[in-house]
Amino acid sequence: MVKKGFVAVFEKALDRAHISECVASWLDRFEKVEQVVPHMEGTLEVREPSEIMWEPTMQFRVINGEQFAWVYVSLDKLAMETTGFQDAEISFCLEILLELPGVAEVVDEKNQKRLEQLEKAGII
């Protein structure tokens, strides 16, 4: 399978409240959300946003049937990254970014020019 990834740029920095809204959105739309346990191997299921293990940098896995995508997010940053596999239709790693509150732009990982601009601007 072909790997795929996207970067979502948000209107405002991602604080705890905003990340909680994103997790709530995934819980409403998809079967399961897991978080990589900080400083350990493995994941734990997140059943509600209050169960998030807060760290400066966090990693989640969003699962829907056989599809899944990884989400990488840092507190107080303007961007969130996803990786997964390319699907015949819309890639799941893109689908999980759609409908999130405050998304200003979604950039395909293959758009190196735009990613370099975002990196120079300190957004990613």
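These values consider heavy atoms only, across backbone and side chains, with no hydrogens, waters or symmetry-generated copies.
- The distance from atom CG of Leu98 to atom CZ of Arg29, rounded to the nearest 0.5 Å, is 7.0 Å.
- Atom-to-atom distance recorded for Leu94:CG and Glu109:CD is 11.5 Å, nearest 0.5 angstrom.
- Applying the side-chain contact (heavy atoms from CB on, under 4.5 Å) test between Val23 and each of Ile52, Val62, Val71 identifies Ile52 as the sole match.
- Atoms CG and NZ, on Leu118 and Lys120 in that order, are 11.5 Å from each other to the nearest 0.5 Å.
- Applying the ring pair (Phe, Tyr, Trp, His ring centres under 6.0 Å) test to pairs two or more places apart or on separate chains, those with a residue in residues 27-52 are Phe30-Phe92.
- Following chains of ILVMFWY side-chain contacts shorter than 4.5 Å, one can reach Leu27 starting from Val103, so the two form part of one hydrophobic cluster.
- Under the side chain to side chain contact (heavy atoms under 4.5 Å, CB included) criterion, Lys12 pairs with no residue at all, not counting sequence neighbours.
- In this structure, CD in Glu95 is found 7.0 Å from CG in Asn64, a value given to the nearest 0.5 Å.
- Chaining together hydrophobic side chains whose heavy atoms lie under 4.5 Å apart leaves Val2 on its own.
- Remark: Phe6 pairs with no residue by the ring pair (Phe, Tyr, Trp, His ring centres under 6.0 Å) rule, at least two apart or across chains.
- Glu116 is linked by a salt bridge (charged side-chain N to carboxylate O under 4.0 Å, His left out) to nothing, counting only residues two or more places apart in sequence or in another chain.
- One distance of note links CG of Leu100 with CD1 of Ile19; it measures 11.5 Å at 0.5 Å rounding.
- Evaluation of the ring pair (Phe, Tyr, Trp, His ring centres under 6.0 Å) test over residues 95-124, restricted to residues two or more places apart or in two chains, returns none.
- Of the possible polar contacts, none joining the Glu21 side chain to the Pro101 backbone as a donor-acceptor pair under 3.5 Å is found.
- Leu97 CG to Phe10 CZ: the interatomic distance, rounded to the nearest 0.5 Å, is 6.5 Å.
- Between Leu44 and Gln35, every side-chain heavy-atom pair lies at or beyond the 4.5 Å cut-off.
- Val107 and Glu105 get closest at one heavy-atom pair: CG2-OE2, 3.4 Å.
- In terms of the side chain to side chain contact (heavy atoms under 4.5 Å, CB included) criterion, residue partners of Glu11 (sequence neighbours excluded) are, by chain and number, Ala104.
- Listed by chain and residue number, Lys32, Thr43, Arg61, Ile63 satisfy the side chain to side chain contact (heavy atoms under 4.5 Å, CB included) test with Glu34 (two or more places apart in sequence, or in another chain).
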Got a list of side-chain donor-acceptor pairs under 3.5 Å for residues 72-80, not counting sequence neighbours?
residue	atom	partner	partner atom	Å
Tyr72	OH	Thr83	OG1	3.4
Ser74	OG	Thr57	OG1	3.3

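- In the hydrophobic clustering of ILVMFWY residues, with side-chain heavy atoms under 4.5 Å counting as a link, Phe60 and Leu14 come out together.
- A ring pair (Phe, Tyr, Trp, His ring centres under 6.0 Å) check over residues 95-119, counting only residues at least two apart or in different chains, returns nothing.
- For Asp108, the salt bridge (charged side-chain N to carboxylate O under 4.0 Å, His left out) partners two or more places apart in sequence, or in a different chain, are Lys4.
- Note on residues 49-59: no pairs pass salt bridge (Lys or Arg N to Asp or Glu O under 4.0 Å), not counting sequence neighbours.
- Counting only heavy atoms from C-beta outward, the side chains of Pro49 and Trp26 never approach each other to under 4.5 Å.
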